[in-house]
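Some notes on the structure that comes next.
When a residue number appears, it is its place in the shown sequence, counting from 1. Small disclaimer: the values here were computed from a predicted structure and weren't measured.
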Amino acid sequence: ARLVLLLNLMLLLFLISRSLCGFPQLTGVLDDCFCDIESIDVFNNFKIYPRIQKLTERDYFRYYRVNLNRPCPFWADDGHCSIKDCQVEPCPEVIILFLLANAIFSFYPCGQYSQVANANTDIVDCEQAQDLGAINSTLSNYSKEAFEDWARHDDAQDHFCELDDETSPDADYVDLLLNPERYTGYKGPSAWRVWNSIYEENCFKPRSVYRPLNPLVPPRGKGCLCLEKRVFYRLISGLHSSINIHLCAEYLLDEGWGKSLWGPNVQEFRHRFDPAETKGEGTRRLKNLYFLYLIELRALSKVAPYFDRAFVNLYTGDRQEDRATKELLLQFFNETKAFPMHFDEKSMFAGQKIEAKTLKEEFRLHFKNISRIMDCVGCSKCRLWGKLQTQGLGTALKILFSEKEIKNLPEHSPSKGFQLTRQEIVALLNGFGRLIPLLYTLS
């Protein structure tokens, strides 16, 4: 599925290059950072791209637990899927082999792998998940108490996203490899309302930015925004661009008898990114995609010490699988740390202490509200990938603004000051994984 996506992305960009002679090439320095697009392309294509697919296809990262049945907290859901491919098929409940107590990312001493779990070396596809075995139950009393304590201590102030209750009966594991992000036919008033609410009510939008939303609503943004608000807007714009490019690359071209034909839709791409059709905004939207990549890359480089501790395991029940997954993850982190032009997050919230604290809280609440809006998306598959990518970005922001807590992590014991749930870890890596092939093909 990922190979097909990459081929479609490359075909999409090839067709665009043939049809858009005047389409400006993405080049030069990105605003709000000391980094240029050419350096990002080289680093992504030769250092990051070769590693990400091997990592996200591991058992730990391919299953994402999500509640797709949470009601929209802002308006009555009026959306629906216009084609069958919008639906998400959850894994059977026995897939909880991949869940640990209280849905908290856990640390397993080597001796706590059961023989049953170790015997399970071949993980089958989602629909055959009944063969995966049962949840590992050999938790020490200390571990159980630690999980309960962490759950109580999980301060909402640290979260930039509205976290799903992973213990909810409405939450299901979804095999991401079997549910690719693609066009679903979700459009019209429901989809319009979601993005309109994100940009017009929850985003710091510059007045100069053109958006084809409601022409009767006057722009609310200010002409000049501070760095923090510019960063916020560019991250949301980059996320929107990522979603749109995936939809254009995996578009339903023909729904014939028995089999659907998927492929790139150049006309749709032009509608969303051609400067001539977007009043010059198309190039800026694509640059914001690069900016989003840069922010998440920085977060990945900073969170490495959290996973580098010997007792941290990416638990699936198979010791060999877990060891190999962690080794791949640490190699990936080492690559991210080698990038020479990282975004400097210290330049944010650096003013007067009280003003900076107020601005940071406003920043966090705006983003948390956007994560809640994802429960208003009427299409199941769109909601799945919207929630995952929003949580991935929220986790990246949580990491960037937890530098002190990460530096003070104890080497040989769990920490209450900074922790990541399994859901956050899976979202962080898969969210970043959505950006990597896009930059690879755009370059």
Side-chain angles (χ1 to χ4, degrees), residues 9 13 24 26-33 35-37 39-41 43-44 48-49 52 160-161 181 194-195 198-200 202-206 208-211 221 225 227-249 269 272-275 278 280-300 336 339 341-345 348 363 366-367 370-371 373-374 382 385-400 427-443:
L9 284 169
L13 271 297
L26 290 176
T27 185
V29 177
L30 289 176
D31 296 332
D32 297 320
C33 63
C35 184
D36 59 87
I37 289 178
S39 297
I40 296 177
D41 283 337
F43 185 80
N44 179 72
I48 300 299
Y49 177 76
I52 188 62
F160 281 77
C161 281
E181 184 181 18
V194 168
W195 284 111
I198 288 173
Y199 279 106
E200 298 298 333
N202 296 281
C203 192
F204 308 104
K205 185 173 72 68
S208 61
V209 170
Y210 164 76
R211 283 196 48 75
L225 298 178
L227 171 64
E228 293 80 4
K229 294 184 178 182
R230 289 199 308 272
V231 166
F232 189 99
Y233 169 77
R234 297 188 68 186
L235 292 176
I236 301 304
S237 174
L239 181 63
H240 196 184
S241 296
S242 172
I243 293 171
N244 282 336
I245 296 175
H246 278 98
L247 302 188
C248 294
F269 185 91
R272 298 173 186 269
F273 296 102
D274 185 355
T278 59
E281 278 298 309
T283 303
R284 189 181 304 183
R285 292 171 185 171
L286 293 176
K287 285 191 173 183
N288 289 340
L289 176 69
Y290 276 82
F291 188 77
L292 171 64
Y293 176 94
L294 199 64
I295 293 293
E296 295 195 1
L297 178 68
R298 176 59 170 160
L300 288 165
T336 64
F339 185 66
M341 300 180 181
H342 277 298
F343 178 80
D344 182 13
E345 70 283 355
M348 298 178 62
F363 190 102
H366 272 254
F367 194 88
I370 289 175
S371 74
I373 293 175
M374 290 301 159
C382 304
W385 286 104
K387 287 168 76 75
L388 182 144
Q389 292 176 83
T390 302
Q391 185 174 30
L393 176 54
T395 304
L397 294 173
K398 172 181 173 179
I399 293 167
L400 288 182
L428 176 66
L429 266 294
N430 278 281
F432 188 62
R434 307 309 295 158
L435 307 178
I436 294 170
L438 299 186
L439 270 62
Y440 184 84
T441 51
L442 285 172
S443 64

Walk me through it: do Arg434 and His246 pass the test side chain to side chain donor-acceptor pair (under 3.5 Å)?
CA-CA 9 Å; Arg434 307 309 295 158; His246 278 98; 3.3 Å; yes

Verdict with reasoning, Asp41 to Tyr440, per side chain to side chain donor-acceptor pair (under 3.5 Å):
CA-CA 7 Å; Asp41 283 337; Tyr440 184 84; over 6 Å; no

To the nearest 0.5 Å, what is the distance between [atom1] ([X]) and [atom2] ([Y])?
{"X": "Ser242", "Y": "Leu289", "atom1": "OG", "atom2": "CG", "answer": "6.0 Å"}
{"X": "Leu286", "Y": "Leu438", "atom1": "CG", "atom2": "CG", "answer": "10.0 Å"}
{"X": "Ile295", "Y": "His342", "atom1": "CD1", "atom2": "NE2", "answer": "11.0 Å"}
{"X": "Tyr290", "Y": "Asp31", "atom1": "OH", "atom2": "CG", "answer": "15.0 Å"}
{"X": "Asn288", "Y": "Ser237", "atom1": "CG", "atom2": "OG", "answer": "4.0 Å"}
{"X": "Glu296", "Y": "Leu239", "atom1": "CD", "atom2": "CG", "answer": "8.0 Å"}

Parallel, tilted or perpendicular: which describes the rings of Phe273 and Phe269, with under 30° parallel and over 60° perpendicular?
tilted

Aromatic rings His366 and Phe232: how do their planes relate, parallel, tilted or perpendicular, breaks at 30° and 60°?
perpendicular

Are Met348 and Phe363 side-chain neighbours, meaning at least one heavy-atom pair lies under 4.5 Å?
yes

Indicate yes or no: at least one non-hydrogen side-chain atom of Leu429 is less than 4.5 angstrom from one of Leu300.
yes

Start with the C-alpha distance between Asn244 and Ser241, add both sets of side-chain angles, then the distance that settles side chain to side chain donor-acceptor pair (under 3.5 Å), and finish with yes or no.
CA-CA 5 Å; Asn244 282 336; Ser241 296; 5.9 Å; no

Does the cation-pi check pass for Arg234 over Phe291, that is, NZ or CZ under 6.0 Å from the six-membered ring centre and within 45° of its axis?
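Ring-cation test returns yes.
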
Please report the shortest heavy-atom distance between [X] and [Y], naming the atom on each side.
{"X": "Cys35", "Y": "Ile40", "value": "SG-CG1, 3.4 Å"}
{"X": "Leu297", "Y": "Phe432", "value": "N-CE1, 3.8 Å"}
{"X": "Thr278", "Y": "Arg285", "value": "CG2-NH1, 3.5 Å"}

Step by step, would you call Cys33 with Asp344 a side-chain contact (heavy atoms from CB on, under 4.5 Å)?
CA-CA 7 Å; Cys33 63; Asp344 182 13; over 6 Å; no

